[in-house]
Amino acid sequence: MYEAYKANRDEAPEDLRQQFSLARDLVAALGMDQEELEGFEADDVIGTLARQAEEKGWNVRILTGDSDLGQLASDKITVIQTLRGVTNNRILDVNKVRERYGVREPENLVDYKGLVGDPSDNIPGVKGVGEKTAKKLLAEYPTIEEIYANLDKIEEKFRKKLQPAEESARMSKDLATIRIDLPLKLDTKSAEEWRYDFGHIDRERASELFARLNFRTIMDKLDLSLPEEEKPEDTDIAWVVVDTEKKLDELVGKIRKQGRFALDFETSDLDARVADMVGIACAVDGRTGYYVPVGHNPAVTDEYKKVMRLKTALDVFREIWEDEGIEKICQNGKFEWLVCNHYGIELRGIVDDP
């Protein structure tokens with residue numbers, strides 16, 4: 001409808017996109033229903049389900065960071081707008097929406113947006129019409145349609161701004177309108193079964209996920225226990241300390257030949273932005289582990305008598321790490337990527353991350 005809509009928004013960060021599937025897993029493990037519909041905004045999904053719940057006589061609470069959902073407020077629907085964290089909230093019920101935006105009904109919030117626009121979404125509105133003017137106009141004519149039907153009765157100073165911007169005002173209202181007619185059906189069984197005693201949780205799955213994510217406080221609150229650790233099968237793994245350039249060249253040759261390897265860094269800090277590289281661990285064929293010590297301090301440990309110069313190791317590894325065609329398996333690949341970035345290297349080709 002409007003090419004510039006939300007065009008000012010940055011793309012979702014890659015590390016956020018990677019969490020979507022994990023978020024879905026967590027919600028499912030907690031026994032909550034989840035709804036998605038390709039090609040529609042999340043607000044439209046929320047609006048559709050909220051209205052369906054309202055029709056059933058349910059009390060609905062919408063938790064969001066977005067004030068746009070205030071247009072859905074009614075006797076049964078309350079919007080809780082999160083301003084900062086989870087404790088600083090603003091309640092947008094019918095009266096609060098009327099008071100804050102000067103509209104007759106919450107549904108007229110879209111008429112307000114049609115006039116003033118919304119810079120956060122790139123909705124243009126009417127140039128020169130701000131909050132005070134919009135409230136004054138909407139107090140007399142509560143919708144965009146009524147304003148333009150009565151344009152000849154409106155003061156000239158306002159009419160001059162409104163007249164050339166009719167198309168923009170109507171389009172802006174459309175852009176701000178949350179759809180409530182999506183082809184979705186509220187899963188009443190799921191919603192009715194959800195209880196605050198958490199009896200609906202898939203405890204085994206939730207325990208495994210929360211333990212893996214180190215969400216120990218939440219595990220305690222939900223009375224979830226740590227899953228029993230599986231004992232690894234006996235394996236005969238050889239390991240090689242790569243402390244000469246000849247060994248390093250041999251390792252790189254094996255990686256190139258295999259075209260796929262596992263990679264892990266030992267660092268001086270868990271914060272990748274300040275971490276220095278201490279060691280580089282690789283596995284190529286599942287039978288031998290390779291470790292390249294590059295930053296061990298003899299004053300701290302004498303485990304490695306010889307240490308490879310970091311610059312030498314990075315010069316040799318750089319081409320492989322930046323080669324997208326050589327597949328990498330990393331445990332917490334984002335950390336490896338950030339550490340490489342710290343040294344001016346772009347780690348490419350991460351294909352798996354357990």
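As a basis for the values below, the full set of heavy atoms in this structure was taken, side chains included, without hydrogen atoms, waters or symmetry mates.
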More than 12 heavy atoms of other residues, nucleotides or ligands under 6.0 Å from CG of Asp285: is that the case? yes
Can you tell me if Glu250 has over 12 outside heavy atoms packed within less than 6.0 Å of its CD? yes
Shortest non-hydrogen separation from Leu109 to Gly70 and the atoms involved: CD2-C, 3.9 Å
When you measure from the side chain of Arg98 to the backbone of Arg104, do you find a donor-acceptor pair of N or O atoms at a distance under 3.5 Å? yes
Would you confirm whether Asp111, through its side chain, and Ile144, through its main-chain N or O, come within 3.5 Å as a donor-acceptor pair? yes
Are any of the side-chain heavy atoms of Ile329 and Leu263 separated by less than 4.5 Å? no
Between Ile320 and Phe261, is any pair of side-chain heavy atoms under 4.5 Å apart? yes
Could you check whether any side-chain N or O of Asp353 sits under 3.5 Å from a backbone N or O of Asn332, counting only pairs where one atom can act as donor and the other as acceptor? yes
Is the count of non-hydrogen atoms from other residues, nucleotides or ligands lying under 6.0 Å from Arg17 atom CZ greater than 12? yes
Could you tell me which non-hydrogen atom of Leu182 sits nearest to which non-hydrogen atom of Thr48, and how far apart they are? N-OG1, 3.2 Å
Spatial distance of atom OG (Ser207) from atom CE (Met219) [nearest 0.5 Å]: 5.0 Å
What distance do Gln19 atom CD and Leu213 atom CG have between them, rounded to the nearest 0.5 Å? 9.0 Å
Would the number of heavy atoms belonging to other residues, nucleotides or ligands and lying under 6.0 Å from CZ of Arg84 be above 12? no
Check ion pair Lys6-Glu41 (N to O, under 4.0 angstrom): yes
Indicate the atoms forming the closest heavy-atom contact of Glu327 with Arg260, along with that distance. OE1-NH1, 2.6 Å
Taking Tyr148 for the side chain and Leu162 for the main chain, is one N or O donor matched with an acceptor at less than 3.5 Å? yes
For Arg179, is there any backbone N or O sitting under 3.5 Å from a side-chain donor or acceptor partner on Asp44? yes
Could you check Phe210 against Leu26 for side chain to side chain contact (heavy atoms under 4.5 Å, CB included), going step by step and ending with a plain yes or no? CA-CA 8 Å; Phe210 284 133; Leu26 281 170; 3.8 Å; yes
Are any of the side-chain heavy atoms of Leu37 and Leu184 separated by less than 4.5 Å? yes
Donor-acceptor contact present, side-chain Asn150 to main-chain Lys153, <3.5 Å: no
Transitive ILVMFWY side-chain link Val351 to Val284, under 4.5 Å: no
Specify the closest pair of heavy atoms between Gly279 and Val294, including all atoms of both residues, with the distance to one decimal. N-CG2, 3.8 Å
Under the 4.5 Å side-chain heavy-atom rule for ILVMFWY, direct or indirect, which residues accompany Ile80? Leu63, Ile91
Could you grab the distance from atom CG of Leu72 to atom CD1 of Ile77, nearest 0.5 Å is fine? 5.5 Å
So does Tyr141 get a backbone contact from the side chain of Glu146, meaning a donor-acceptor N/O pair under 3.5 Å? no
Heavy-atom pair of closest approach, residues Leu251 and Cys282: CD2-SG, 4.4 Å
In terms of hydrophobic clustering (I, L, V, M, F, W, Y; side-chain heavy atoms under 4.5 Å; direct or indirect links), are Leu22 and Val27 co-clustered? yes
Output the distance between atom CD (Glu140) and atom CG (Leu137), rounded to the nearest 0.5 Å. 8.5 Å
Leu222 versus Ile201, closest heavy-atom pair with distance: CD1-CD1, 4.0 Å
One pair to check against side chain to side chain donor-acceptor pair (under 3.5 Å): Thr64 and Asp66. What are the steps and the verdict? CA-CA 5 Å; Thr64 177; Asp66 194 347; 5.4 Å; no
So, are Lys173 and Glu145 salt-bridged, with charged N and O less than 4.0 Å apart? yes
Quick check against the 3.5 Å criterion: does Tyr112 have a side-chain atom that pairs as donor or acceptor with the backbone of Leu138? no
Are Lys328 and Glu336 ion-paired here, with the side-chain N under 4.0 Å from a carboxylate O? no
Does Leu16 have more than 12 heavy atoms from other residues, nucleotides or ligands lying within 6.0 Å of its CG? yes
N-O pairing of Arg212 and Glu208 below 4.0 Å: yes
CA sep, side-chain torsions, deciding dist, call: Tyr343, Asp276, side chain to side chain contact (heavy atoms under 4.5 Å, CB included): CA-CA 9 Å; Tyr343 289 98; Asp276 292 319; 3.9 Å; yes
Under 4.0 Å between a side-chain nitrogen and a carboxylate oxygen: does that hold for Glu99 and Lys96? no
Before accepting this row, confirm whether a basic side-chain N of the pair Lys76/Glu54 lies closer than 4.0 Å to the acidic partner's carboxylate O. no
Value for CD (Glu35) from CZ (Phe40), rounded to nearest 0.5 Å, stands at 13.5 Å
Can Thr133 and Phe158 be said to form a side chain to side chain contact (heavy atoms under 4.5 Å, CB included), step by step? CA-CA 8 Å; Thr133 303; Phe158 299 141; 3.6 Å; yes
Just wondering, more than 12 heavy atoms not from Glu156 lying within 6.0 Å of its CD? no
Under 4.5 Å between any side-chain heavy atoms of Lys311 and Leu314, yes or no? no
Between Lys254 and Tyr290, does any side-chain donor sit less than 3.5 Å from a side-chain acceptor? yes
Between Arg159 and Glu155, does any NZ, NE, NH1 or NH2 come within less than 4.0 Å of an OD or OE carboxylate oxygen? no
Less than 4.5 Å apart, any side-chain heavy atom of His296 and any of Glu266? no
Is it true that Leu175 and Ile180 fall in one hydrophobic cluster, defined by side-chain heavy atoms closer than 4.5 Å? no
N-O pairing of Asp220 and Arg216 below 4.0 Å: no
Run the salt-bridge test on Lys135 and Glu131 with the 4.0 Å N-O cut-off and return the result as yes or no. yes
Between Asp174 and Arg170, does at least one N-O distance fall below 4.0 Å, as a salt bridge requires? no
Report yes if the side chains of Glu107 and Gln71 come closer than 4.5 Å at any heavy-atom pair, otherwise no. no
Do Ile62 and Ile46 come close enough that some side-chain heavy atom pair is under 4.5 Å? yes
Atom CD in Glu55, atom CG in Leu186: separation rounded to 0.5 Å? 10.0 Å
Check whether any side-chain N or O of Asp121 sits under 3.5 Å from a backbone N or O of Asp118 as a donor-acceptor pair, and report yes or no. no
Donor-acceptor contact present, side-chain Arg90 to main-chain Ser67, <3.5 Å: no
Taking side chain as C-beta onward, heavy atoms only, is Phe335 less than 4.5 Å from Asp264? no
ring-ring contact (aromatic ring centres under 6.0 Å, His included), that's the test. Do Phe265 and His342 meet it? Break it down for me. CA-CA 13 Å; Phe265 296 147; His342 181 59; over 10 Å; no
Are Ile345 and Met308 connected into the same hydrophobic cluster when the rule is that any two of I, L, V, M, F, W, Y join if their side-chain heavy atoms are below 4.5 Å apart? yes
Do Phe317 and Val241 sit in the same hydrophobic cluster, where Ile, Leu, Val, Met, Phe, Trp and Tyr count as joined when their side-chain heavy atoms come under 4.5 Å apart? no
